[in-house]
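All values below come from the heavy atoms of this structure, side chains included, with hydrogens, waters and symmetry mates left out.
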Amino acid sequence: MKWSHPDGFEADDDLARVDVDVVHGFLSTAYWSPGIPRDVVARSIEGSLNVGVYTSAGELVAFARAVTDRASFAWIADVFVLPEYRGHGLGKFVVTSLLDHPDLKGLRRIMLATRDAHELYRQHGFNELPDLTTMMVIRQDPASLYGA
């Protein structure tokens, strides 16, 4: 499925178009996944519903993925816009495109975690959890996992 941006960018869910090297390059330095190995990124992409944003020349400049059963639940992850392409509304565009995907319609719960993009996600209807005592996590430090 494809979506068009007014500035000539295109969002696409075609797995074959995702440039794993670009995604890995960004994620390996992101605060949530420092040092993540390329093979882990490749596996995460293969197991997810992905949306990439591309220039007219086909370069990947933004990305988001959903880990989902396509029936009741999705977890939005690894959302980014390359620094040199920020300021064009591509963060909002990639999130909107992903959430507009037919495979994410009618889900009971869509979740994500962010340290610094709360306002972006509020625009899409996300809110903080009212009762954190219902949520649990097993958390492992990326530096310990990946040696960063």
Is there a donor-acceptor contact under 3.5 Å from the side chain of Asp69 to the main chain of Ala71? yes
Taking side chain as C-beta onward, heavy atoms only, is Phe9 less than 4.5 Å from Thr55? yes
Please report the interatomic distance CG(Asp141) to CZ(Arg139), rounded to the nearest 0.5 Å. 9.5 Å
Atom pair CG/CZ of Asn127 and Arg122 - distance to nearest 0.5 Å: 7.0 Å
If Ile, Leu, Val, Met, Phe, Trp and Tyr residues are connected whenever their side-chain heavy atoms lie under 4.5 Å apart, and connections chain through other members, are Val23 and Leu145 in the same group? yes
Rounded to the nearest 0.5 Å, how far apart are CZ of Arg38 and CG of Asp21? 4.5 Å
Are Tyr31 and Tyr146 grouped together when hydrophobic residues (ILVMFWY) are joined by side-chain heavy atoms under 4.5 angstrom apart? yes
Asp116 side chain reached by Thr114 side chain, heavy atoms, under 4.5 Å: yes
Hey, any chance Val53 and Trp3 share a hydrophobic cluster, counting ILVMFWY side chains that come within less than 4.5 Å of each other, even indirectly? yes
Taking Asp7 for its side chain and His5 for its backbone only, find out whether a donor-acceptor pair lies under 3.5 Å. no
Donor-acceptor check, side chain of Ser56 to backbone of Gly8, threshold 3.5 angstrom: yes or no? no
Would you check if the side chain of Ser48 reaches a backbone N or O of Asn50 as a donor-acceptor pair within less than 3.5 Å? no
Check whether any side-chain heavy atom of Phe26 lies under 4.5 Å from a side-chain heavy atom of Asp78, and answer yes or no. no
So, the side chain of Asp103 versus the backbone of Arg70: is there a donor-acceptor pair under 3.5 Å, distance only? no
Residues in ring-ring contact (aromatic ring centres under 6.0 Å, His included) contact with Tyr54, at least two apart in sequence or another chain: none
May I ask whether Phe63 and Val67 are part of the same hydrophobic cluster, defined by side-chain heavy atoms of I, L, V, M, F, W, Y residues being less than 4.5 angstrom apart, directly or through others? no
Val94 and Phe80, any side-chain heavy atoms less than 4.5 Å apart: no
Quick check: do Leu98 and Val79 have side-chain heavy atoms less than 4.5 Å from each other? no
Using only atom types and a distance under 3.5 Å, with no angle test, would you say the side chain of Ser28 pairs donor to acceptor with the backbone of Ile36? no
How long is the straight-line distance from CG of Leu90 back to OG1 of Thr96, given to the nearest 0.5 Å? 11.0 Å
Take atom CD of Glu84 as the centre, draw a 6.0 Å sphere, and report whether it contains more than 12 heavy atoms from other residues, nucleotides or ligands. yes
Nearest heavy-atom approach of Val81 to Ala62 is CG2-CB, 3.9 Å
List the atom of Gly58, the atom of Arg17, and the distance in Å for their closest heavy-atom pair. CA-NH2, 4.1 Å
Calculate, to the nearest 0.5 Å, the distance between atoms CG and CG belonging to Asp13 and Asp100 respectively. 12.0 Å
Spacing of His118 atom NE2 and Phe126 atom CZ [to the nearest 0.5 Å]: 12.0 Å
Restricting to non-hydrogen atoms, name the atom on Leu107 and the atom on Ser72 that form the minimum distance, rounded to 0.1 Å. CD2-N, 3.5 Å
With hydrophobic residues grouped by side-chain heavy-atom distances under 4.5 Å, do Leu104 and Met111 end up in a single group? no
Would you call Arg43 and Glu46 a salt bridge, taking side-chain N to carboxylate O under 4.0 Å as the test? no
Worked verdict on Asp14 versus Lys2 for salt bridge (Lys or Arg N to Asp or Glu O under 4.0 Å): CA-CA 8 Å; Asp14 183 356; Lys2 296 182 180 180; over 6 Å; no
Nearest atoms (heavy-atom pairs only) where Leu60 meets Leu82: O-CD1, 3.5 Å
